[in-house]
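See below for the structure under consideration.
Quick note: numbers below take in every heavy atom, side chains included, and nothing from hydrogens, waters or symmetry partners. Convention: sequence-line order gives letters A, B, ...; per-chain numbering from 1.
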Amino acid sequence: MKDVFHNLIGSESIFKNREVLSHSYIPDILPHREKQIEELAKILAPALKGENPSNVFIYGKTGTGKTAVAKFMGKQLVNKGEELKIATNFVYINCEIVDTQYRVLQNISNHFIRKWEERVPFTGWPTDEVYSKLVETIDRTGGVTIIVLDEVDKVKDDEVLYNLSRINYDLKKARASIIGISNDLKFTEFLDPRIKSSLGQENVVFPPYTADELADILIERATIALKENSLEENVIPLCSALAAQEHGDARRALDLLRVAAEIAEREGEKKITERHVKIAENKIELDRVNEIVKTLPVQSKIVLMSAIIGNESYDDLTTGDLYEIYKDLCKISGISALTQRRVADLISELDMLGIITARVISKGRYGRTREIEVFSPDKIKETIEKSGDLPDLKDYKPKLQSKLL
DNA sequence: AGTCCACAGGAAGGGCAGGCGA
DNA sequence: TCGCCTGCCCTTCCTGTGGACT
């Protein structure tokens, strides 16, 4: 039998250390975040002297280095603690995954619980008991504890933020500081004023990176991640320019470089070129869209399919036209149709996800509506068809409704 | 200037599922 | 196990709206 892996393992890799370009990697140097690191250090330093540290609220858009800096600070603090022989702990919770009061408290508690002790179960304890256990374990550990709540706006119950932000009042010996991270700049506006004042004692803002700053970050990482001479001159400027267009998103810049490198490697080339970056850009966008489409509920898939079919049949697809097609598709699929009001909302949701554009336009006498257009319809169609949620629609042709046709 | 279209989109409330405490 | 609460999805009803047409 043919050795199918031969070519893939045999070819020389472009990577020295692939991990360095992944999201989870925390580098030793964080370029262009010196100011934020210094600010955070000033805020957290009192903890090492046995004083109550302030709670901090960090905000900035995705890929501005918030999480990386927070984790970096944790690492630094633990090192410093060891040096000064002060117990220091760092707990990181991603509130997108751990999003209820109980689970947040449970996760932090279990971080401190000793091997032979009973862990706080997934469910079953009264919430206040979990909180008491948490206070007890932090106090027993002593020293300084930094609790990072990443994506803190995803927490379903504000009460946990209130409790945690005031935990120093309940601690007898130990000290704790809460770092809340959010990319929703308006998050604090809607917070209970009690939480706002205790959680946001200090605010640190992470501005988006500029293209030049992104280039520095990429150079830093590429030096560790990739072999020498594996980059064509224009690759890093292109990656950083594309990511800067987005909103200075370092994560996107790293993704572009990583995927471009993977493509180049698969093609058996020794150098990453601009062409690889362009392919990477398309691939990332398509993967994102496919991922979203796959996880859409059936009704949204039918709406999306209606939009695609509508785009093929109408020059300017309006909400009304789409709804007619949608009703047909529901009938064919044997699914009960939603009202036009609800479908209008589903259209808005798809618009917000960036899969379609729905622009409000006025056709004067012929009313006000939205003009709907689908991005990369062929690929989306393929994804929906593969999902098997809808029957075969090859023979379906919409009855054209629009008065303006 | 007024009319009128085809919706947009807000408000209110029903139905249902899941979580939670007793 | 039961009742209550909450959040989500959805419907119904409604008012508002931009601009072509009269």
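In this model, a side-chain donor or acceptor of A:R341 finds a partner on the base of B:dG10 within 3.5 Å.
When rounded to the nearest whole Å, the span between CZ of A:R359 and P of B:dA8 equals 14 Å. Summarising the geometry, the separation between OH on A:Y326 and C1' on C:dC10 is reported as 11 Å, rounded to the nearest angstrom. One can place CG of A:L338 at 11 Å from P of C:dT12, the figure rounded to the nearest angstrom. Atom CZ in A:R370 sits about 17 Å away from atom P in C:dT17, given to the nearest Å. Separating the CZ atom of A:R365 from the C1' atom of C:dG18 is a distance of 14 Å, rounded to the nearest angstrom. Protein atom CD1 of A:I347 is 17 Å distant from nucleotide atom P of B:dA6, rounded to whole Å. Atom CD1 in A:I372 sits about 12 Å away from atom C1' in B:dA8, given to the nearest Å. A:Y366 places its OH atom 8 Å from the C1' atom of C:dA20, with the value rounded to the nearest Å.
At least one donor-acceptor pair under 3.5 Å links the side chain of A:Y326 to the backbone N or O of A:L338. Between the side chain of A:K66 and the backbone N or O of A:D150, no donor-acceptor pair lies under 3.5 Å. Listed for the A:N163 side chain is no donor-acceptor partner under 3.5 Å among the backbone atoms of A:Y131.
Closest to the A:R368 side chain, of the nucleotides C:dG19, C:dT11, C:dG16, is C:dG16. Among C:dA20, B:dC7, C:dG18, the nucleotide with an atom closest to any side-chain atom of A:T318 is B:dC7. Distances were taken from every side-chain heavy atom of A:S348 (C-beta onward) to each of B:dG9, B:dC7, C:dC21; the shortest belongs to B:dG9.
When all heavy atoms of A:L214 and A:A250 are compared, the pair lying nearest together is CD2-CA, 3.5 Å.
Both the sub-6.0 Å distance and the 45° axial angle are satisfied by A:R33 relative to the ring of A:Y209.
Residue-level contact check: A:A337 touches the backbone only, with heavy atoms under 4.0 Å from sugar-phosphate atoms and none from bases.
Heavy-atom distances to DNA chain C give each of A:E349 and A:G367 a nearest nucleotide, and the one nearer the 5′ end belongs to A:E349.
Under 4.0 angstrom from either OP1 or OP2 of C:dT11 there lies at least one side-chain N or O belonging to A:T339. Contact check, A:R342 against C:dC10: a side-chain N or O comes under 4.0 Å of OP1 or OP2.
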